[in-house]
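Predicted, not measured: the structure shown is a model, and the values here were computed from it. Letters A, B, ... are given to chains in the order of the sequence lines, protein chains preceding strands, and every chain is numbered from 1.
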Amino acid sequence: MDDKVKLKKEDIEYKVDNIVATVTLEIDKKIDLVHVARKFIDSEYNPERFPGIVLRVPEPKATFLIFSTGKMVVTGSKTENKLKKAVTKVVKDLKSIDIKIEDYTIKIENFVASGGLNKRIDLNLATIMMEYSLYEPEIFPGLIYYMRDPKASFLIFSNGNFVCTGVKHEHQIAEAIFKLKDVIQENEIYYKSEEKSSSEEIVFI
DNA sequence: CTAGTATAAAAGCGTT
DNA sequence: AACGCTTTTATACTAG
């Protein structure tokens, strides 16, 4: 279902887990959120708590935040295609309750991806070798790494698993992971051979 | 097992 | 002017 992507000989594998996007609806007057909330029985609207309506679409699964200005935030999609389908559905539903929408534009704001380096990482060494990294195991078990180019943030765990977030273009995910692997390799931040490796290490043939 | 901790990003309203 | 709120999601580690 979720496409794994391979990059050259380096086995860079990752999976997109979440996409955040904004949608701008072309409307000529503000949207009456009370009206929308009444028509969409499964929506949540507590203006005291948050100015937008929360609408969850089951298929394709996605959650929308709808604002009176005609802007929407979409979260939870794993592919651009599913994101577009969910948006099409919501726009159609809004039109069906008398909201005039001339057109709309979708802009992806953030990709969240996860994957695994193929080795355990010495986070204590990593945080002293890598600039722009933070590691406070008492607070969070992952090392936080702020990559500048491409601009991306990583959560790196001792078992080699990681989360990459903050990139706006899908191609930057593999690029960022490639660079991360490079930094780890260059500085030999991983645990050498079987030192501290777990039994789940995958052996190549 | 659940909740909180940490990451990014947008929206718009309320509070420092 | 700058947050906090709200939503999503992977990851993992601790405390009830």
> What pairs meet the salt bridge (Lys or Arg N to Asp or Glu O under 4.0 Å) rule with one or both residues in residues 158-168 of chain A, with sequence neighbours excluded?
Replying inline: Glu109(A)-Lys168(A)
>> Listing request: all salt bridge (Lys or Arg N to Asp or Glu O under 4.0 Å) pairs with a residue in residues 149-160 of chain A, at least two apart in sequence or in separate chains.
In response: Asp149(A)-Lys179(A)
Check whether any side-chain N or O of [X] sits under 3.5 Å from a backbone N or O of [Y] as a donor-acceptor pair, and report yes or no.
X	Y	answer
Asp32(A)	Val34(A)	yes
Ser133(A)	Met130(A)	yes
Asn18(A)	Gly76(A)	yes

>> Under the rule for ring pair (Phe, Tyr, Trp, His ring centres under 6.0 Å), what residues qualify as partners of Phe50(A), not counting sequence neighbours?
In response: Phe67(A)
Protein-nucleotide distance ([X], atom [atom1]; [N], atom [atom2]), rounded to Å:
X	N	atom1	atom2	result
Leu55(A)	dT8(C)	CG	P	11 Å
Leu180(A)	dA10(C)	CG	P	20 Å
Glu80(A)	dT8(C)	CD	C1'	17 Å
Tyr132(A)	dA6(B)	OH	C1'	21 Å
Glu136(A)	dG4(B)	CD	C1'	16 Å
Ile156(A)	dA10(C)	CD1	C1'	14 Å
Phe64(A)	dA10(B)	CZ	C1'	14 Å
Leu83(A)	dA10(B)	CG	C1'	13 Å

Residue list, side chain to side chain donor-acceptor pair (under 3.5 Å) with [X], at least two apart or on another chain:
X	answer
Lys89(A)	Asp93(A)
Ser114(A)	Lys15(A), Asp17(A)
Arg38(A)	none
Asn161(A)	none

> What about Asn110(A): does its side chain form a donor-acceptor pair under 3.5 Å with the base of dA8(B)?
Replying inline: yes
> Do Asn18(A) side-chain and dT8(C) base share a donor-acceptor contact under 3.5 Å?
Replying inline: yes
> For every nucleotide of nucleotides 11-16 of chain B, 5' to 3': is a protein heavy atom under 4.0 Å from its base (B), only from its sugar-phosphate (S), or from neither (-)?
Replying inline: BBS---
> In B/S/- notation, 5' to 3', how is nucleotides 11-16 of chain C contacted by protein heavy atoms closer than 4.0 Å?
Replying inline: BBS---
>> With each end axis built from five pairs of C1' atoms, what bend angle do you get for the helix from dC1(B)-dG16(C) to dT16(B)-dA1(C)? Round to 10°.
In response: 70°
> Which nucleotide in the list dA8(B), dT7(C), dA10(B) gets nearest to the side chain of Lys151(A)?
Replying inline: dA8(B)
> What residue pairs, at least two apart or across chains, pass side-chain hydrogen bond (donor to acceptor under 3.5 Å, both in side chains) with a residue in residues 53-74 of chain A?
Replying inline: Glu44(A)-Arg56(A)
> Nearest heavy-atom pair of Phe162(A) and Glu13(A): which atoms, and what distance?
Replying inline: CZ-O, 4.3 Å
> Which heavy atom of Leu123(A) sits nearest a heavy atom of Phe157(A), and at what distance?
Replying inline: CD1-C, 4.0 Å
> Hey, quick one: are Val163(A) and Ile184(A) part of the same hydrophobic cluster, counting side-chain heavy atoms closer than 4.5 Å, chains of contacts allowed?
Replying inline: no
> Got a sec? Which of residues 97-108 of chain A come in under 4.0 Å of DNA chain B, heavy atoms?
Replying inline: none
>> Under 4.0 Å, counting only non-hydrogen atoms across every strand here, what does Tyr146(A) touch: a base, just sugar-phosphate, or nothing?
In response: sugar-phosphate
